[in-house]
Amino acid sequence: MKKLPRDFYDRDTQQVAKALLGKQLVHQQKVGRIVEVEAYLGPHDLAAHSARGLTKRTAVMFGPPGHAYVYLIYGMYHCMNVVTEPEGHASAVLIRALEPLQAIGQRTQGPGLLCQAMAISRAQNAVDLVTDPHFFIANAPAVPSEDIVAKPRIGVDYAGEWKDSPLRFYIKGNRFVSKR
DNA sequence: CTCCGGATTCGT
DNA sequence: CGAATCCGGAGT
């Protein structure tokens, strides 16, 4: 099982988002195949947390690529992202759903549920996925572009002209994708 | 310090 | 459709 290198994350966020489909998210002994993601492009993207500028919470997004950005949402769930593009770009990819592969005993469709199933919380915020021994993303065959569907992101109606941008990507026909 | 609302999920 | 539940960010 080979970890994705820094270079993988250090490029255009939409490219990283699509390339992450099919890869394996690993935390401790748990493994899940990434089947759904969303791209958050940077401060100009009104759906992105970094659109509010550099704050204590969003500092990770402004940092180097390959780090995890984990935050608490609605007081009860966590969402996990991977930081992309060179330091200073403040972009990231949200992991939205996994296909359970190993040691996962709970549902993994939806960003909150997958963090619960993978035991990911704010304790993992800012962890470097390129160097951490227990929390990383492992390489796996790429999903062919004809099997990738692009749709508007979920739950970002507040994002004005950005709310309908097709920045959600998932594997066509995969039963673990969070919504239809 | 107070107030508001959220990259969700579940139950009614 | 509304509740649950709590922290970050903005405003006083």
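Every chain is numbered from 1 and lettered A, B, ... according to where its sequence line falls, protein lines coming before strand lines. Computed over heavy atoms, backbone and side chain alike; hydrogens, waters and symmetry mates excluded.
- For F136(A) and H27(A), the ring centers are positioned 6.0 Å apart or more.
- For the pairing with L167(A), the side-chain contact (heavy atoms from CB on, under 4.5 Å) check across R153(A), K151(A), E38(A) returns one residue only, R153(A).
- The side-chain contact (heavy atoms from CB on, under 4.5 Å) test with L21(A) singles out one residue from N174(A), I148(A), V149(A), and that residue is I148(A).
- Grouping the Ile, Leu, Val, Met, Phe, Trp and Tyr side chains by contacts below 4.5 angstrom, directly or via other members, places I137(A) apart from Y69(A).
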Using residues 102-119 of chain A as the side-chain source, report each donor-acceptor pair under 3.5 Å to any protein atom, sequence neighbours left out, with the distance given to one decimal.
{"from": "T108(A)", "atom 1": "OG1", "to": "L98(A)", "atom 2": "O", "distance (Å)": "2.6"}

Readout for nucleotides 1-12 of chain B: B = base within 4.0 Å of protein heavy atom, S = sugar-phosphate only, - = neither; 5' to 3' it is -----BBBSS--

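- With salt bridges taken as basic N to acidic carboxylate O contacts below 4.0 Å, one links R6(A) and D128(A).
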Quick one: the dot-bracket string of DNA chain B, using Watson-Crick and G-U wobble pairs with both distances under 3.5 Å, [ ] for crossing pairs and | for bases paired to another strand.
-> ||||||.||||.

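- A salt bridge does not link E85(A) with R11(A): every distance from a Lys NZ or Arg NE/NH1/NH2 to an Asp or Glu carboxylate oxygen is 4.0 Å or more.
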